[in-house]
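The sequence lines fix the lettering, A, B, ..., with proteins before strands; numbering per chain opens at 1.
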Amino acid sequence: MDLEFHLEKHFNYTSFRVGQKEVITSILDGKHTIAMLPTGTGKSLCYQLSGYLLKGQIVIISPLLSLMQDQVEQLMMNGEKSVIAFNSFLTQEEKYQALLHLNKYKFIFLSPEMLQSESIIKRLGEQQIGLFVIDEAHCISQWGYDFRPDYLKLGDVREKLGNPLTLALTATATPEVKEDLIESLGLGNWNEFIYSVDRPNISLSVETISSYQDKTERLVELIKNLKGPGIIYFSSKKVSEQMAVLLKERGIDKVMAYHGGMEQESRVLIQQQFLHGQLDIICATSAFGMGINKGNIRYVIHFHMPLQLESYLQEIGRAGRDGLKSLAVLLYSPGDEQLPYQLAESELPSEAQIEWIYQWFVEHDEAVKNIEPFENEVRRLAGLTDIQWRMIKNYLCESEAASLQENFLQLKIFINQRLQIKRKKINEMHMWAQPPYEECRRKKILKYFKEDKTIEVEDCCDQCGIDLASFYTDSDNHKTAEDAFDWKRHLAEILLISERSE
DNA sequence: CGAACCGGTTGTAAAACCGGTTCGGTGCGTTACT
């Protein structure tokens with residue numbers, strides 16, 4: 001088949017980007033396909049073009065509502081009308097109508113949670129599904145186990161839908177992510193297109209700084225000098241906001257914070273402003289990034305380290321999608337690793353909480369499967385977050401243990417295992433960040449991800465030697481801002497001194 | 001671990017200080033209530 005012809009016909013492009021043609025060919029051959037393509041290569045085109053060349057409908061699983069809306073818009077801009085995002089933005093009536101006329105949609109977007117609804121599975125099962133797509137498939141691995149368990153149930157859903165031809169798309173090409181998704185999706189045979197996780201145009205730097213205060217000062221200094229735009233990652237919503245305020249006070253404009261606790265409206269606005277250059281710097285938590293299509297991000301700074309190297313890689317990977325030289329800096333203070341450990345632990349229910357729940361069941365002589373009416377009360381009394389509770393409920397309900405006691409015993413073991421895995425990952429991240437350093441950072445990452453590629457990269461990392469000044473802004477913009485600020489501060493100091501002496 | 005907050009102490013008035021405690025990230029859907 002002349003794929004280029006169809007590419008031009010449907011999308012008006014004349015040539016494919018890295019990996020696209022191979023992936024599409026594999027799908028059209030009827031093979032389940034795992035595509036781990038580098039960021040910014042146009043992964044969605046893989047299912048869009050395949051969609052036009054395959055019979056039947058295309059079902060796309062997407063992790064974020066905003067991502068779904070983007071994709072729907074993109075398709076509609078391209079003249080495709082038979083698209084629907086099946087999610088909570090629809091009213092009851094709209095949902096009902098959409099289900100009734102499901103066959104008139106070519107592209108159907110869904111969240112994994114929506115796919116747990118029996119009525120939706122039933123209606124989808126009656127359709128002819130040409131391709132089942134899991135977008136951002138690393139979510140299975142990174143979110144499935146505790147945060148969004150419905151990701152791990154996609155395999156069952158696939159089976160119920162009659163094992164449709166499947167495509168998994170992601171940019172996080174690590175062996176572990178791949179294994180997780182093969183196992184949970186239950187693909188028997190598949191083709192895979194996996195590209196290196198290495199991004200040679202991103203220089204890697206870790207700076208060890210002894211105190212929190214010094215780290216803040218260093219951050220301000222970096223921001224003042226580095227050529228933007230850039231993202232600064234924090235592991236706390238509060239700190240991200242405080243830093244945005246501090247940076248503004250220090251004369252740095254076009255800065256905003258972004259985190260999951262903010263209003264949906266302002267989140268969209270900030271994202272748009274960043275995309276269009278009205279904002280230069282985002283002080284963000286891990287909520288920021290997925291689906292951000294901005295090519296010219298010049299640096300990513302981590303004020304806190306993430307909970308695993310996979311996340312680190314994903315976050316720094318948002319820099320330099322245009323292929324130009326970019327920088328990733330991790331600011332590390334000894335003791336920083338405590339925060340990730342804390343976060344990991346607080347996500348899982350504690351032993352005491354599990355014991356409490358167990359006692360509740362014993363006292364109330366209630367079957368685990370009949371918990372629904374008491375659910376909210378029990379959850380509240382045990383002091384569990386909804387994530388923690390869901391994890392417990394999921395496990396208890398799906399267990400085949402012979403007794404309540406046995407069921408809870410296994411639950412405790414399971415949670416303990418999860419904790420160990422999380423700790424191990426944090427430890428690996430920590431080992432990469434903390435001194436003593438002996439080895440090239442890039443090699444160390446590649447080794448962790450089981451790639452044995454030896455590459456020579458210019459300005460590779462702080463170990464191989466890096467010229468930070470080459471990432472500094474060459475315009476005088478920042479300098480002027482800095483001068484203005486110093487003058488202001490100077491004046492303030494003078495006033496303060498004269499106030500005291502009076 | 002560090003930051004923020006709370007409540008009690010200090011020593012006579014108000015703010016400063018101390019010690020203890022709590023909290024810290026990612027999102028879908030539904031439902032009850034403003």
> Taking the same atom, C1', in B/dC23 and in B/dG29, what whole-Å distance lies between them?
Replying inline: 27 Å
> Mind checking the P distance from B/dC6 to B/dT12? Whole angstroms is fine.
Replying inline: 28 Å
> When you compare B/dT21 with B/dC28, how far apart are their P atoms, in angstrom units rounded to a whole number?
Replying inline: 38 Å
> Taking CG from A/D336 and C1' from B/dG2, how many angstroms apart are they, rounded to a whole number?
Replying inline: 10 Å
> If you measure from the P atom in B/dA3 to the same atom in B/dG25, how many Å do you get, rounded?
Replying inline: 15 Å
>> I'd like to know if A/E221 pairs up with A/R218 as an ion pair, taking the criterion as any Lys NZ or Arg NE/NH1/NH2 lying under 4.0 Å from an Asp or Glu carboxylate oxygen.
In response: yes
> Do the charged groups of A/D150 and A/R390 touch, with an N to O distance under 4.0 Å?
Replying inline: no
> If you measure only the distance, is there a donor-acceptor pair under 3.5 Å linking the side chains of A/Q242 and A/S240?
Replying inline: no
>> Taking the P atom in each of B/dT30 and B/dT26, what is the distance between them to the nearest angstrom?
In response: 23 Å
>> Give me the distance, rounded to whole Å, that separates B/dA14 from B/dT9 when you measure between the C1' atoms they each carry.
In response: 14 Å
>> What does the B/S/- profile of nucleotides 21-31 of chain B look like, 5' to 3', with a 4.0 Å heavy-atom cutoff to protein?
In response: ---BBBBBSS-
>> Is the shortest side-chain heavy-atom distance between A/D280 and A/F274 below 4.5 Å?
In response: no
> Whole-Å distance between B/dA4 C1' and A/E241 CD?
Replying inline: 14 Å
> With a 4.0 Å cut-off, would you call A/E375 and A/R379 a salt bridge?
Replying inline: no
>> I'd like the C1' distance from B/dA16 over to B/dG11, given in whole Å.
In response: 12 Å
>> If I compare all heavy atoms of A/H304 with all of A/S235, which pair ends up nearest, and what's the gap?
In response: ND1-N, 2.8 Å
>> For Watson-Crick and G-U wobble pairs within 3.5 Å on both distances, what is DNA chain B written in dot-bracket notation, | included for inter-strand pairing?
In response: ((((((((((....))))))))))..........
> Is A/E207 salt-bridged to A/K215, going by a charged N under 4.0 Å from an acidic O?
Replying inline: no
> Hey, are the side chains of A/Q127 and A/V59 touching, using non-hydrogen atoms and a 4.5 Å cut-off?
Replying inline: no
> Counting only heavy atoms not in A/Y96, do more than 12 sit closer than 6.0 Å to its OH atom?
Replying inline: no
